[in-house]
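The next block holds one structure in the form of structure tokens; read it before the comments.
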Amino acid sequence: MNTVRLTVAEALVKYLVAQHIEIDGQVQPLFGCSFAIFGHGNVTCLGQQLKNVEDQLPTWRGQNEQSMAMAAVAYAKANNRQRIGIAATSIGPGATNMVTAAGIAHTNRLPLLMLSGDAYTSRLPDPVLQQTEHFHAPSITANDTFKAVTRYWDRVIHPAQLLQTLPLAIDTLLDPADCGPVFLGLPQDVQGMAYDYPTRFFETKVHRIRRPQPEMCDLEAAADILRAAKKPLVISGGGVHYSRATDALASFIENHQIPTVETIAGRASLLQEHPLNGGPIGATGSDSANYLAAHADVVLAVGTRLQDFTTGSWSVFRNPNLKIISINVGRTDAIKHLAMPVVADAKDTLVQLDAVLGDWKSDTAWAATAQSQASEWKALCHQRAEVMGDEMASYAQVVGAVNRVVEPGDTVLTAAGGLPAELNMNWQSQQIGKFDIEFGFSCMGYEIAGGWGAKIANPDNDVVVLVGDGSYMILNSDIYSSVLTGHKMIVIVCDNAGYAVINKLQNNTGNDSFNNLLEDCRRPDGELARVDFAKHAEAQGAISEKISNMQEFDAAFARAKAADRTSVIVIDIDPTKWSSCDCWWEVGLPEIARTEKVEKAVANFSEGRAHQRPGV
């Protein structure tokens, strides 16, 4: 057997560069980018090897380990999980800073490869800098914290271990059902150890993402349930995007005239003008979609994990005899609420189920109802977005304006706070995909970092980031990263002076405003300190401006479009103006009410629970 003697760091990077993937007939490197902050735990060995392959695997310098891993997550999402980003860190705090990003990837079923330095296996220099000592279990390090938020975790304690762990890691990153973050701990002494690796191990490998096929008996059972339906409804989830099943979905629902609603992750799987698109479903959705869910007798859930914001904590389905069919590559998702599971790829299953159903079509009156309901929702969105004079802006007005001025190919992106609901409730999809609301982990701080990663994935089009002042304050340093690396973004900062959406929840549950809005967090002398976000962004190298009202928005956006680097537009938002829909959502309230306001909130909450499905 032919061998080559390499260090662990050399072998690791050589193997990663050899991995490729076939996408639409084109073979591309599987790992399209790397993000790294170097320290004593990764600079001497791993860092040098990344330098040696920068023409094949570009490495970008982040400002924070958490945000650069978030950028890698957004990169993978923008590529529909077909290409992957790497985040490399030193040991200790550099590594644990990525735990939050790992949580995003794990929750949203997105691939992320994390490589972090680790303590010495020899233990001769212990305790080393940044090492957390556990006297009862000395093999535990800070990197063990990743076990709760990874799909695959390993610590490389011997060079030969790479021969087994790297193929397993790659398979996890590409598995359609178990896809998620992978963590490899790289002890500082092991990174430099040498081993005679088989040369075959480093041969170019071209991967493809598997498409598990449905069983015919499941297709026939699903078809029988659909044929008996009077009011069937399709729920399109994020798996429709990951399976690249948007065309198959459109063809399926058109052939059988089945109204379709979208989850947050499934948004933009259909164009908004499609006559069978009933709008976004759930607690941050539309009255149209929730009306359809309430009256449906059969739900075909495609590529969705049926999260509580989608199901209104399982209250949106009002038909006691409702039957659910779930098409999902993940068996755990497919069997939820006693669904009839079809554990298979979304695209291929829709094509085959289409053939099994033949000429069967749903009642035309039901499809007409969906179109009528959606028209009412669209009119409401238009009304919410309308600008009247120089009034203080609302989120809906910002969303409507962005919807109007973005160009084909542009991506719009947001995450936590009030913006996900407002964007989901009001966005009118004019193109398939190009839409990212991180609302699985609902992570404040993802927005700007995610925008950076999405731009790396889409270098020829703009990425428009919508971020609130709260999220901006949590993590904004990738404005500088984007300027430094030449990845231009357009960032719109919506400043409502605090965590206004949580203040709303606080008030709606009978509680007094406390510690959310800035006005409730004043200094002892009563002064209200505000951040000048435009100046702050400018200090990071961006072009920035603050506009006074929405009448100035279009011109400011045009300037941002024409700019040669990241541009930031800041606008004050009225914290009392919110979009809403008719949907219950479960939040924790006390069994014992101490005030009349809380007692009333608990009573209203209990009334809504009457429609909650108890797991079936």
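Side chains are part of it too, since the values below use all heavy atoms of this structure and drop only hydrogens, waters and symmetry mates.
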Kindly write out the residues that satisfy side chain to side chain contact (heavy atoms under 4.5 Å, CB included) with [X], not counting sequence neighbours, or none if the list is empty.
X	answer
K535	D532
D390	N549, Q551
A401	R404, M550, F553

[atom1]-[atom2] distance between [X] and [Y], expressed to the nearest 0.5 angstrom:
X	Y	atom1	atom2	result
I104	F441	CD1	CZ	7.0 Å
H295	R318	NE2	CZ	9.5 Å
Q66	M98	CD	CE	10.5 Å

Any salt bridge linking E586 with R609? Criterion: basic side-chain nitrogen under 4.0 Å from a carboxylate oxygen.
yes
Is the shortest distance from a Lys or Arg side-chain nitrogen in K561 or D462 to a carboxylate oxygen in the other one below 4.0 Å?
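Salt bridge between K561 and D462, a charged N being under 4.0 Å from a carboxylate O: yes.
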List in chain and number order the residues that pass side-chain hydrogen bond (donor to acceptor under 3.5 Å, both in side chains) with [X], two or more places apart in sequence or in another chain; answer none if no residue qualifies.
X	answer
K336	D333
S481	Q63, D478
N516	Q506
W585	D308

Please list, chain by chain and in numerical order, all residues satisfying ring-ring contact (aromatic ring centres under 6.0 Å, His included) with [X], sequence neighbours excluded.
X	answer
Y499	none
H274	none
H536	Y472

Under 6.0 Å between ring centres: does that hold for W584 and H611?
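Ring centroids of W584 and H611 are no less than 6.0 Å from each other.
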Is the distance from the ring center of W60 to that of H487 below 6.0 Å?
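Close enough - the centres of the two rings lie under 6.0 Å apart.
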Side-chain donor-acceptor pairs of residues 598-606 under 3.5 Å, sequence neighbours excluded:
from	atom 1	to	atom 2	distance (Å)
N604	ND2	K600	O	3.4
S606	OG	V602	O	2.9

Main-chain N/O of [Y] paired to [X] side chain as donor or acceptor, under 3.5 Å:
X	Y	answer
S288	G278	yes
D410	V463	no
D247	S251	no
S315	G312	yes

Salt bridge (Lys or Arg N to Asp or Glu O under 4.0 Å), that's the test. Do D495 and R530 meet it? Break it down for me.
CA-CA 10 Å; D495 184 0; R530 297 290 296 272; 3.0 Å; yes
Please step through ring pair (Phe, Tyr, Trp, His ring centres under 6.0 Å) for the pair W377 and Y291, ending with a clear verdict.
CA-CA 11 Å; W377 165 64; Y291 175 92; over 10 Å; no
E391 atom CD, over 12 foreign heavy atoms within 6.0 Å
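Enclosed: over 12 neighbouring heavy atoms sit under 6.0 Å from CD of E391.
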Atom OH of Y480 with >12 non-hydrogen neighbours under 6.0 angstrom
no
Determine, stepwise, if the pair Q272 / Q430 fulfils side chain to side chain donor-acceptor pair (under 3.5 Å).
CA-CA 6 Å; Q272 216 65 66; Q430 302 169 38; over 6 Å; no
Kindly state each residue pair satisfying salt bridge (charged side-chain N to carboxylate O under 4.0 Å, His left out) with at least one member in residues 422-446, sequence neighbours excluded.
K77-D436
Going by heavy atoms in the side chains, are R83 and Y75 under 4.5 Å from each other?
yes
